[in-house]
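To start, the structure under review is shown below, and the notes come after it.
Sequential numbering from 1 along the given sequence is applied to the chain's residues. Just so it is clear, the model here is predicted, and its values are computed rather than measured.
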Amino acid sequence: MQKWKEYDEKEASIRLDALGKQILFAARDELYLGMRFLDVALCSFVYLMDTSISPFGTDGRIIYFHPQQIGGMYRTNRVEVNRGYLHMVMHCIFRHFIKGNQQDLYWSLSCDIAVERIIDGFFHRVVRRPKSLLRRETYRKLECAKKVLNAERIYELLKEWNLTKNEFDKLYQEFYVDDHKYWVTDDSQRNPDLDLQQKWKDIEEQIETDLETFSKEAVEQSGELLGQIKVENRQKYDYKKFLRKFAVMREEIGVDVDTFDYSFYSYGLRLYGNMPLIEPQETKEVRKIDDFVVVIDTSMSCSEELTKKFLEQTYSVLSEENSFVKKVNVHILQCDENVHSDVKITSKEALKTYMENLELYGRGGTDFRPAFAYVDELLERGEFQQLKGMIYFTDGYGIYPKNMPQYKTAFVFMQEDYQDREVPPWAIKLILCEEDWKLER
């Protein structure tokens with residue numbers, strides 16, 4: 001009798017496993033017919049029954065599913081299964097499963113909101129459903145605060161909202177779709193499988209390429225997906241390394257170890273006692289920042305908070321010991337549609353004083369041309385000996401010059417306030433990441 005019972009339980013388990021996999025196969029195929037640019041992503045999983053999960057979840061390789069729960073979802077509304085499958089795919093595309101700690105409920109909620117917001121922006125029939133009042137209000141509140149709404153930024157905003165337990169629970173319940181139990185739990189697990197991370201990074205880049213080459217209709221039906229992927233895929237550059245592009249070669253007093261031959265030096269000391277055969281050179285060539293221009297967009301559309309963050313990070317780099325020559329010539333301009341301020345910085349101390357007493361002027365419209373015209377006037381007056389470049393911190397809305405200037409120009413955006421902007425082909429477009437002082441191209 002016991003053997004028959006065990007046999008029946010095993011048969012039931014096999015049937016449930018097969019049924020669950022059929023449901024996931026059906027969801028995958030339905031999503032593929034509407035979103036062929038996701039073909040590789042949708043087919044990147046194996047399926048495994050797991051009754052400890054609710055209703056499904058993924059670790060980037062496997063989709064674990066509770067057969068009874070997804071069976072009930074499928075009977076009630078198959079769109080929910082489609083959305084759940086797509087939800088897990090989006091977590092993998094943006095690598096949420098290895099970026100944070102799944103035990104941090106705020107991180108889990110932030111990832112779910114980020115993904116659901118993208119899916120709610122889709123116009124594909126297989127995932128469309130009405131948005132609840134709580135969802136609409138949450139999206140509105142987030143969009144009022146910042147423009148780039150990836151999981152990391154949503155996490156920061158949720159923390160700033162100081163949610164009560166009841167408010168948090170309502171949001172968590174509203175946006176809960178999948179179980180995150182198989183995500184990483186601490187930093188020791190952060191890079192367990194570099195091949196898996198690279199796999200999803202490659203898939204993300206392929207989706208970006210496919211969306212850019214597909215029809216305009218396909219892009220429009222996918223809402224903000226392409227824009228979010230573009231933000232994630234931008235190549236990162238070290239901010240210090242970027243600023244060195246604006247440095248010039250200078251001679252400074254000091255031992256040039258690159259031209260000093262220790263073998264001849266020590267040989268002379270051994271042969272003559274205290275007479276080296278070759279003395280080290282007393283000057284050396286170094287690359288340091290000398291003539292430089294920083295322009296701050298002080299128009300109404302540019303956040304004062306982000307402007308100060310940009311200046312603080314720029315100050316942190318420029319104030320390092322090896323960045324400046326003894327006397328520099330850095331002009332910091334404030335400009336909206338007119339140039340309102342020009343402060344000449346000649347030392348680290350002057351830059352520090354400027355930062356401590358920073359006051360922004362303007363708040364009008366945005367026109368980039370006056371700043372370039374003003375710098376051209378400074379050049380004509382001989383204000384610069386060897387101007388290497390200009391950094392223009394802005395939100396990107398404005399009128400650009402038609403002609404290329406005689407110096408390098410970079411338009412810099414803060415990632416948390418960034419929306420895609422076209423800059424002139426002769427200019428560099430970079431997005432400054434606050435968390436690690438990186439620049440994304």
Side-chain angles (χ1 to χ4, degrees), residues 146-148 150 152-153 227 230-247 289 291-320 323 328 330-337 339-343 345 351 354-355 358 360-362 366-372 374-375 387-401 404-405 407-441:
K146 298 295 171 186
K147 296 171 184 174
V148 173
N150 54 13
E152 291 83 354
R153 187 58 193 147
K230 280 180 174 290
V231 171
E232 293 289 331
N233 278 347
R234 286 192 179 87
Q235 189 175 358
K236 293 185 177 181
Y237 292 88
D238 187 270
Y239 194 33
K240 298 175 186 178
K241 187 180 295 185
F242 168 71
L243 284 181
R244 292 192 193 106
K245 293 176 181 288
F246 300 93
I289 295 169
D291 290 347
F292 192 67
V293 177
V294 176
V295 185
I296 305 166
D297 179 359
T298 57
S299 64
M300 288 294 291
S301 57
C302 205
S303 164
E304 181 174 339
E305 177 189 358
L306 294 181
T307 299
K308 289 182 177 179
K309 286 182 180 179
F310 163 72
L311 286 175
E312 286 168 1
Q313 294 190 30
T314 304
Y315 167 75
S316 297
V317 176
L318 294 182
S319 61
E320 291 182 351
S323 294
V328 297
V330 177
H331 284 252
I332 301 180
L333 311 182
Q334 293 189 28
C335 180
D336 48 20
E337 54 195 354
V339 177
H340 293 281
S341 170
D342 175 12
V343 176
I345 304 296
L351 181 57
Y354 178 82
M355 286 294 306
L358 178 64
L360 300 179
Y361 305 96
T366 306
D367 189 340
F368 302 117
R369 295 172 298 180
F372 285 88
Y374 181 80
V375 172
L387 178 60
K388 292 295 290 184
M390 170 197 289
I391 285 184
Y392 206 128
F393 177 72
T394 178
D395 61 356
Y397 291 102
I399 305 172
Y400 293 92
M404 177 180 176
Y407 43 84
K408 296 177 182 176
T409 303
F411 289 95
V412 177
F413 307 85
M414 284 293 283
Q415 184 191 34
E416 62 187 85
D417 198 35
Y418 173 73
Q419 287 185 335
D420 202 23
R421 302 281 176 267
E422 288 299 327
V423 302
W426 43 262
I428 304 168
K429 179 174 70 172
L430 298 162
I431 297 89
L432 180 61
C433 300
E434 178 187 357
E435 65 270 14
D436 55 1
W437 299 1
K438 296 286 185 179
L439 284 175
E440 294 183 342
R441 190 166 213 160

Spacing of His331 atom NE2 and Leu387 atom CG [to the nearest 0.5 Å]: 9.0 Å

Rounded distance (nearest 0.5 Å) linking atom OG1 of Thr298 with atom CD of Gln334: 5.5 Å

Side chain to side chain contact (heavy atoms under 4.5 Å, CB included) between Asp336 and Asp367, worked out: CA-CA 6 Å; Asp336 48 20; Asp367 189 340; over 6 Å; no

Minimal non-hydrogen separation, Pro424 against Tyr400, with atom names: CD-CD2, 3.4 Å

Distance (rounded to the nearest 0.5 Å) between Asp297 CG and Glu337 CD: 10.5 Å

Min side-chain heavy-atom separation Ile296-Thr394 under 4.5 Å: no

Residue pair Phe393, Phe411: steps toward the ring pair (Phe, Tyr, Trp, His ring centres under 6.0 Å) verdict: CA-CA 6 Å; Phe393 177 72; Phe411 289 95; over 10 Å; no

Ile399 vs Arg369, side chain to side chain contact (heavy atoms under 4.5 Å, CB included): CA-CA, chis, key distance, verdict: CA-CA 7 Å; Ile399 305 172; Arg369 295 172 298 180; 3.6 Å; yes

Closest heavy-atom pair and its distance - Ala427, Val423: O-CG2, 4.2 Å

Test side chain to side chain contact (heavy atoms under 4.5 Å, CB included) applied to Ile332 and Val295, step by step: CA-CA 6 Å; Ile332 301 180; Val295 185; over 6 Å; no

Modelled atom types, side-chain donor and acceptor of Asp342 and Tyr374, under 3.5 Å: yes

Side chain to side chain contact (heavy atoms under 4.5 Å, CB included) evaluation trace for Phe368 with Cys335: CA-CA 8 Å; Phe368 302 117; Cys335 180; over 6 Å; no

Phe372 and Tyr407 aromatic ring geometry - parallel, tilted or perpendicular at 30°/60° bounds: parallel

